[in-house]
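Below is one structure, written out as structure tokens; the observations come after it.
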Amino acid sequence: QVQLVESGGGLVQAGGSLTLSCAASGRTASSSAMGWFRQAPGKEREFVAAISWRGGSTNYADSVKGRFTGSRDNSKNTVYLQMNSLKPEDTAVYYCAASRYLYSGITRLDYDYWGQGTQVTVSS
């Protein structure tokens, strides 16, 4: 079992930055690939970023590539999502997810554990 708690969401103006954190606990947290997803009102939950178990491999949705950076600090059991050049269309609830595997994919089915989410609102 892996428990996940996101933090760092908030209100920011377009062009601004935010860093989300996801604290993981549980026996296998440091050996889990991690992902970030987001869900805007009325839309499906969508993939944002994936980070392999050591952080050496990352994957991003085209909509955030070049603006968002995923990373992790396994000594702190924490995963981060640095978000720069934010746009109003980035407004959503952001979820952290953990996989049972060292490397994972870009779909919801690739992840087994989910946090409760943190709201990010970008004003124009």
Side-chain angles (χ1 to χ4, degrees):
Q1 275 283 35
V2 177
Q3 294 78 42
L4 305 170
V5 178
E6 302 96 334
S7 62
L11 173 64
V12 64
Q13 287 188 330
S17 299
L18 277 176
T19 300
L20 304 184
S21 299
C22 173
S25 60
R27 188 169 57 88
T28 60
S30 62
S31 59
S32 299
M34 301 293 290
W36 287 97
F37 288 73
R38 66 186 182 186
Q39 188 167 15
K43 294 189 176 182
E44 294 287 321
R45 192 171 299 187
E46 64 175 5
F47 168 77
V48 175
I51 306 134
S52 62
W53 71 294
R54 286 184 174 177
S57 177
T58 54
N59 193 7
Y60 300 96
D62 288 343
S63 59
V64 307
K65 204 169 290 184
R67 299 188 298 123
F68 290 12
T69 302
S71 63
R72 65 192 298 163
D73 184 343
N74 283 348
S75 68
K76 298 179 180 179
N77 278 343
T78 301
V79 178
Y80 305 95
L81 184 67
Q82 173 68 43
M83 306 185 294
N84 298 326
S85 302
L86 282 161
K87 305 175 182 180
E89 51 264 43
D90 294 319
T91 295
V93 177
Y94 282 70
Y95 296 90
C96 175
S99 169
R100 289 175 292 167
Y101 304 106
L102 302 179
Y103 299 87
S104 197
I106 65 172
T107 74
R108 293 178 61 180
L109 294 177
D110 293 317
Y111 296 87
D112 305 285
Y113 308 101
W114 294 84
Q116 293 300 306
T118 185
Q119 176 71 46
V120 172
T121 303
V122 184
S123 63
S124 58

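Nothing here was measured: the structure is a model prediction, and the numbers come from that model.
Among residue pairs with one or both ends in residues 4-19, none qualify as salt bridge (Lys or Arg N to Asp or Glu O under 4.0 Å); sequence neighbours excluded. Residue pairs meeting the disulfide bond (SG atoms under 2.5 Å apart) criterion with at least one member in residues 57-124, sequence neighbours excluded, are C22-C96. The salt bridge (Lys or Arg N to Asp or Glu O under 4.0 Å) contacts involving residues 28-47 comprise R38-E46, R38-D90, where partners must be two or more places apart or lie in separate chains. Among residue pairs with one or both ends in residues 54-76, none qualify as ring-ring contact (aromatic ring centres under 6.0 Å, His included); sequence neighbours excluded. Counting only residues at least two apart or on different chains, no ring-ring contact (aromatic ring centres under 6.0 Å, His included) pair has a member in residues 81-100. Residues in residues 92-107 take part in these salt bridge (Lys or Arg N to Asp or Glu O under 4.0 Å) pairs, two or more places apart or across chains: R100-D112. Listed by first then second residue, pairs satisfying salt bridge (Lys or Arg N to Asp or Glu O under 4.0 Å) with a partner in residues 49-62 read D62-K65, not counting sequence neighbours. The list of ring-ring contact (aromatic ring centres under 6.0 Å, His included) pairs with a residue in residues 12-46, not counting sequence neighbours, reads F37-F47, F37-Y111, F37-W114. For residues 27-91, no residue pair satisfies the disulfide bond (SG atoms under 2.5 Å apart) rule, not counting sequence neighbours.
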Please tabulate, for the side chains in residues 13-20, all donor-acceptor contacts under 3.5 angstrom to protein atoms that are two or more places apart in sequence or on a different chain.
residue, atom, partner, partner atom, Å
S17, OG, N84, OD1, 2.9
T19, OG1, Q82, OE1, 2.4

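Residues meeting the salt bridge (Lys or Arg N to Asp or Glu O under 4.0 Å) test with R108, sequence neighbours left out: none. Considering only residues two or more places apart in sequence or on other chains, N77 meets the side chain to side chain donor-acceptor pair (under 3.5 Å) condition with none of them.
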